[in-house]
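Encoded as structure tokens, the structure appears first; notes follow it.
Numbered from 1 within each chain, the chains take letters A, B, ... in sequence-line order.
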Amino acid sequence: MFPFIFEWVWDEGHIMFFGAMWYVILILASGLGYCLIKAVKDTLAGGHGPQDHH
Amino acid sequence: MKKETEHKPGKKYGMVIDLDKCTGCGSCMAACMAENNVPCKDDESNKLSSITWIRVYRLTNRKPFPETEICYLPRPCMHCGGVGDQGHSPCVSVCPATATDYDHGTGIVSQIYTRCFGCRYCMAACPYHARYFNWWDPVWPGDLKKTLSPNVSPRMRGVVEKCSFCFHRYQLAMEKAYVEGRRDLEEGEYQTACTQACPSGAITFGDLDNPDHAVAKMKEHPNAFRLLERLQTNPKVYYISSREWVRRAGDNYLKNEPTNSKPRAAAHHG
Amino acid sequence: MKIDRRSFLALGLGAAAGTAFTPLPWKLTDDASIWTQNWRWLPLPEDGDVTYETTACTLCPGGCGIRVRKVKDRIVKIEGLPEHPVNQGGICALGISGTQILYGGSRVTSPMRRSGDRGKNEWTRITWDEALAEVKAQINALVDADKADTIACITGSDRGTVPLLFKRLLAVLGSPNFMTTATMEDSYRAVFRKMHGLKGPVDVRFDFENTGFVLSFGSGLIEGWGSPLRMIRAANVWKANKTPMIQVEQRLSNTAAFSGGLLAVNPGTEADLALGLCHAIISGNLHQAGSVSGFAEFANLLKQKYSVDTVATKTGLKATAIVDLARKFANPASRSVAVCGRGKGTTAGSMREFMAVHALNILAGRVNAPGGVFAVPAPDDIAWAGDTVMTSAISGKTRIDEAGTGAYTLADSLLNRIPSGIVEKGESSIGLLFVSEANPVYTLSGTKNVRKAFKKIPYIVSFATCLDDTTAYADLILPNHSYLERYQDVPVRAGLSKPLVNLTKPVSAPVYDTQNVGDTVISIAKSLEGSVAEAFPWENYEDCLAKTLGGRWETLKEKGFVEGEANPVALGNVILPSEMPDIPAISGDGNLPLILLPKDSMRLWGDAVADPPFALKIVPDTELKGTETVVEVSPKTAVAQGLEDGKEAVLTTTLKSVTVKVAVSDGIMDGVVAIPRGLGRSSAEKYLDDKGVNVCELMEPQEDKVSGFDAVIGTRASLKRA
Amino acid sequence: MSTSNHEADSLAPGEAPDRKQGAPGGVIVLFFIVGFALSMAFGWLVFPKLLYSEKNQPFDFNHKIHMDLVDSGCESCHVFREDGTYAGVPTLAQCADCHQDVQGESKDEEVFVNEYVANEKEVPWLIYSRQPDCVFFSHAAHVKMAEMECKECHGDIGESESLKVYRENRITGYSQDIWGENIAGIRKNTWDGMKMTDCGKCHEERMGSKGPCFQCHK
Amino acid sequence: MDYDFIPKGHNRCSFGTFAAGMVILGVIVLWGFYAAALCWIKGLNQTNMNDSYGFALWIWADLAVIAIGGGAFFTGLLRYVIGLDELKNIINFAVIVGFCCYCSAMLILAIDIGQPLRGWFIFWHANVHSMLTEVAFCLSLYLCVLAIEYLPLILENGKIDEVPFFHNLSHTMHGAMAVFAATGAFLSCFHQGSLGGVTGVLFGRPFGYREGIFVWPWTFFLYTWSAAACGPCFTMLTCKITETITGKRLVKDNVYDLLAKISGWMIGTYIVAKIADTVYWATVTSPSMGFGLMDYYSLHPLHHGIWILILEIVVCGVVPALILISQKGRATKPLFNLAIVLAVLGVCLNRWVMVMTPMAMPVMTFDSWVTYFPSWQEIATTILPFAGGIMVVALSYRYLPVFPQEKELNSKR
């Protein structure tokens, strides 16, 4: 899972597999981070109201 | 796509079992259990959860009495090398936690109990039923604990185990060799417990690639065959039988197919 | 400063973030995983110096040499001894399991006195001094009442110093009642006495290594007949040499399967087949000339009653096949031998069969011929001062089993006659019984009667190593060391071609508070003082061994075995029978539709020693499933009796009805039910305790009119769906 | 904290706009920092102390003195058995060759002779480098074949004048030396740890691969 | 009692009735957890699994719930990536059902391994060549995605929504949902496929082995395709059941129709591929290993024979495909219902056969078939997630605005 783990080898298999995995984690984490930060910002800006969407 | 780490030309330990000599006595099974700290449950008559690294099967020619014939077939782990002995054995590639691997130096498939977390995928992969799951905690009541050998670690409940070709014996033989300043073993120095115990001498063990070893010659016998060769598992256990029906029972054939004593993928290894 | 829950939340968050930057979570995760890999209830085998020591196995009569692997002082494994003539490095599953007898749960761990009812196995631990005092008191009481001749002893063998010490103790007390369990070798001895007029101790030996044609009448040659390891090696020599092996049997036993030459005859007609072959040989004029008396009468008998055609009908074989077989067998170039003794040969069997098979060997000239069967003098190398005096002192006295007298001159001991005798009389003819290395309650047929009889014996002293069916009836146990903890000379009979004496050695320190039975006997004798004590002049058993074995003692200690040479006994005039005894080999109620035959499995031991866990584990589920014995029937029989593979059924004989499971197999004759021997033990290791049924419970004993042994080889039975 | 008590805690987030008068941001940051610092201190300083229990050897042993007396270094006492296996810590019999009677060198020697030699009792040494039961380690392969020095894995124990405290991991039951003294797992010397990764690293450097599993596992 | 939490303007049953239902389900869940605890504490000897049925009821349940939970990813894909806007009316529900299914799968996996405390080795010491490793990674990541997709819906609960931060978070997450959904679809494609690969790569097991394209065996694609095809059917089925239980209409017919049409075509194309696969397997792959088609079915201990294959392909494959593809079939309520039930059954049956048979089927000629029946512990732990799932769905339905069309559809009445 990490390069410092015993089984890790720098071969295509590991690079492809974990590359994809870390990429996905990155997307999810940054997406979630973006949402959180934006929500904090909006909240501090005072934006609120159930009526502003749906 | 598995990257082959560069490996030195290693040994290829294997077995040749002469089924004409096997009496079905079961010594190999008992010797294996005693050597490898295999536990016994109160009831071992349910063979679907009874751990016997080497198991003697009873084959019949399915003819009515008295034409019936019986052949006993001991089945250890086949230590499959996969096509071209690349180490692509059915079980090794599927283990999600790298708890089993193929040693290119000896051709032996390992099983690391402390790494295994018991998903049983390797058992699903092995067509020989050579892998066993520890459904129960192993128990050695009272003084029976004294029979435990320190060379093999007892397995905990919830992991898979299987025949290791008594790898610890290889290790011990190598230690002796090292102390004597050798890096190589003589043929007899490393033998499995079942080979040693067999009253008939039906089991021969050695380096299949070493022309000086008996197994190297025996595996070329015209009556030699392996189990399920058509699956291209490339097992390291050979059998010899003078009976055609036994050789045919070693693999699956369509109704009118002839019995092949040589594998389809023979070209891949040699 | 205002503090609210948000501040605490911040504190918590800070702590969480901080923790992530310490080794704590990561180290704990790692350590937790290591904990799962070594959880505390998993035993850790202790390491230490590894040593190998050689000794001998005594778990069966086979006489294999073994070497034990020790780690420090623990015996972790038993392996075959490569340099031993019998097994040459091989070893059987029982032998391997010996460690589980040494350390097993059925060991008697100290002297014990019975505290519950007989058969209940409830015990109180006592000291050796108390135990020996009790034996002394029992003996003295009988001596004082002038009933010393009712002291009896049952041992597994009559060879070697230990059985002879017992025999000597009894003799010096004035009792001739030294008994052993009968095996096929006793029947062979009876045959030599009957058909060669031999007297005294004589042994049978088989020159299997040089045989060119093997005809076996139901002998489980590789199942464990005689010396199993030797037989397996011999059978492999036959296979390599393409030596024909014909197995006369009703099912594909391992021997039959291995031989590839099964000759299926109707059950109980083996003797008829042998006589039919004799007839074919005589009528084909193929017999070997020799000094034979009664030849004409025998030939006439055959012609009248056992002509090839009659036999063909009776056995279910083709006449031509019989003639053909006879021709091959009698061909001098064949170097053939015919053998009998059912299964593992642990039972005596019917004299009719032994005589018929022996007659066949005689006619083919295979007695005392290379590759054939030999009569040799039993070794008399254990000679103690005063032996002859003692023998003559008891010679006038009648044995309880009447062996050697009247109608029973062919047998040395007839243990099988004891239970019926006691039950019929209603009182015990035995006043005090010693049992050592034998398990008569388990091995004698008609278990119910045996139990009844043993209950009547006033006092039983057992010298057992492990609890078993017989110790359950004992009043006192003076536990013997296991064979891995003691010295003992073990002369091997088992039909070996050469006489052999093994020595077991104390390769392990005593694990429990036990004592070598040799020492126990000597100390009992010494405690009795007077002439009895004088007859046992040795300091202890080891001293006795050293003095008795003389020059061989050092060799035995060093090498573990001594092989000798034995010259065949001159057979003199051969007496062929003019009439064959008419004892049905199959007992029981003729109205029952099936014939129940015990089968001796390669992985189940039916004798005094019970399957240890390893051996039991490899017993196939076609012999034992759960706690039930599995019986084998043919598909046709299953259909006829409405049985289904794997399902329960009720097996009934005249003696008992038991629930068993059914295994339908292609490898068995129609109308026959095969039942594995060796199950149904009580008070053994918990692994085997109360699993399955003891064959002897179902088999009605049948006294052989010629020898007096139990002749039963099968019994009628019914098998119905449960 | 000023809200009414009967409002369920789970509804706390509901306390929105009108209660802006909570703790100011600075306090919150301060609390965060305090929490962070406390847990760092706990994790780095207290936790290692809690994780390991301290055990003393039965008595002290001076390797240095013995090294000066013997001819062939460590192997004089830590011997290989005839079959090539490694015997590890010397048995009582080996020590008793010299220490049959008290030689009066030290208190510890007195303890040894009186309690162990006299009673023929093996010394229950706590072994710093004891590997788990599932591990096979061939001393022969390393010392005899690869001619490695004992020090490479065991450190300077041969030079030590007294035995250090044996620290046992409370969870795994193993000596601290397997993981290494440094709780973070940072290794400065080759002997600073005996975990699988340490073996693997050295094997990879010198053998070209970490080797098959069975090389070390049994 | 819980009026404040119920979405504004929706009618819900009384709290008493609801609580009674929850208690009943809760008891079942507790029973399941008791069984699970037994397995964790005493080990897998609590099951009736054995060395021939090492993959048994649990693994089947695992694969089946993942397959029928495939509605979440596929509907998400259609809604957010392809942009079929109508589906927004069912996507919430699809996500909840999917979330339940994947939680169940993880729970079952956690019970099913022999050493649960070491379960994380599959991530830490991953063997990247193992299909199971891929399953584990994709499965857990996809469960995260589902949680992320589920979260804004929870935040929409009237009470929670009052908090500005949560309101805003929910809002922004809605905005970013396409990214999450796309990632989820990618993950799901892979792990549905790798579940298929689990049996497909077993070259020692002729019943399961399928030869490959690139590194993947065919089952990889078949599984993804079948999950995408039949998953929405399960979403629709559960939706219909919810409608029946609540006695309300929750989703408009045109939404059903659209999803059913897509499903129908997916099933149709899948079944063509499945038939092609079966034919190639029966005539080329298997014979090369010495097996004729009937060798697999003739000696099966459950005596279902070849019928199970016909049931799976024709009855539960071709039939629902035809119904759902045809306009008329979709319009006829009973036929429509039958079709979605059959489709769900079909994919479950496929997983059943592919899980149980490859390992249990004797490959050595002298080996034999054995039978297996699950223990109560296995059954209880398998029922547990279903009961738990119903609880989650019921809770969500009661307190969250799951169905955007609910108000509209029910005010008409």
Report, one line per pair, each donor and acceptor closer than 3.5 Å where one atom sits in a side chain of residues 191-207 of chain E; sequence neighbours left out.
| from | atom 1 | to | atom 2 | distance (Å) |
| --- | --- | --- | --- | --- |
| E:His191 | NE2 | E:Tyr102 | OH | 2.7 |
| E:Gln192 | NE2 | E:Ile66 | O | 3.0 |
| E:Gln192 | NE2 | E:Tyr102 | OH | 3.2 |
| E:Ser194 | OG | E:Phe190 | O | 2.9 |
| E:Ser194 | OG | E:His191 | O | 3.1 |
| E:Thr199 | OG1 | E:Gly196 | O | 3.3 |
| E:Arg205 | NE | B:Ala124 | O | 2.7 |
| E:Arg205 | NH1 | E:Met359 | O | 3.2 |
| E:Arg205 | NH1 | E:Met361 | O | 3.4 |
| E:Arg205 | NH2 | B:Met123 | O | 3.3 |
| E:Arg205 | NH2 | B:Cys126 | O | 2.8 |

Measure the [atom1]-[atom2] distance between [X] and [Y] for me, rounded to the nearest 0.5 Å.
| X | Y | atom1 | atom2 | value |
| --- | --- | --- | --- | --- |
| E:Ile113 | B:Cys119 | CD1 | SG | 8.5 Å |
| E:Gln115 | B:Arg115 | CD | CZ | 13.5 Å |
| B:Gln232 | E:Ser288 | CD | OG | 8.0 Å |
| E:His125 | B:Cys95 | NE2 | SG | 11.0 Å |
| B:Thr98 | E:His129 | OG1 | NE2 | 9.0 Å |
| B:Phe117 | E:Phe121 | CZ | CZ | 9.5 Å |

Can you name the nearest heavy-atom pair linking [X] to [Y], along with the distance?
| X | Y | value |
| --- | --- | --- |
| B:His129 | E:Asp367 | CD2-OD2, 2.7 Å |
| B:Gly250 | E:Thr365 | N-OG1, 4.4 Å |
| B:Leu254 | E:Gly292 | CD2-N, 3.3 Å |
| B:Val159 | E:Arg118 | CG1-NH1, 3.6 Å |

So which of [options] has the largest heavy-atom pair count under 4.5 angstrom toward chain E?
| options | value |
| --- | --- |
| B:Tyr121, B:Trp136, B:Tyr132 | B:Tyr121 |
| B:Leu73, B:Thr114, B:Ile51 | B:Thr114 |
| B:Gly118, B:Gly158, B:Pro127 | B:Pro127 |

Exercise for the section: Kindly check if the number of other-residue, nucleotide or ligand heavy atoms within 6.0 Å of CZ (E:Phe33) is above 12? Expected result: no
Handout entry: For chain B, which residues of residues 45-56 of chain E have heavy atoms nearer than 4.5 angstrom
Key = E:Asn45, E:Thr47, E:Met49, E:Asn50, E:Asp51, E:Ser52, E:Gly54, E:Phe55
Practice task
Identify which part of B:Thr60 has an atom lying under 4.5 Å from any heavy atom of chain E, answering side chain, backbone, both or neither.
Solution key: neither
Exercise for the section: Go through the atoms of B:Phe133 and report whether side chain, backbone, both or neither lie under 4.5 Å from a heavy atom of chain E. Expected result: both
Practice task
Using modelled atom types only, decide if a donor and an acceptor are shared between the side chain of E:Asn127 and the backbone of B:Val94 within a distance under 3.5 Å.
Solution key: no
Exercise for the section: Please answer whether the main-chain N or O of E:Val363 pairs with a side-chain N or O of B:Asn252 as donor and acceptor at a distance below 3.5 Å. Expected result: yes
Fill in the blank from the handout: For residues 116-141 of chain B, the salt bridge (Lys or Arg N to Asp or Glu O under 4.0 Å) pairs (sequence neighbours left out) are B:Arg120-E:Asp112, B:Asp137-B:Arg157
Practice task
Measure the shortest side-chain to side-chain distance between E:Met364 and B:Leu228 over non-hydrogen atoms and say whether it is less than 4.5 angstrom.
Solution key: yes
Problem - Residues in side-chain hydrogen bond (donor to acceptor under 3.5 Å, both in side chains) contact with B:Lys236, at least two apart in sequence or another chain - result: B:Tyr102
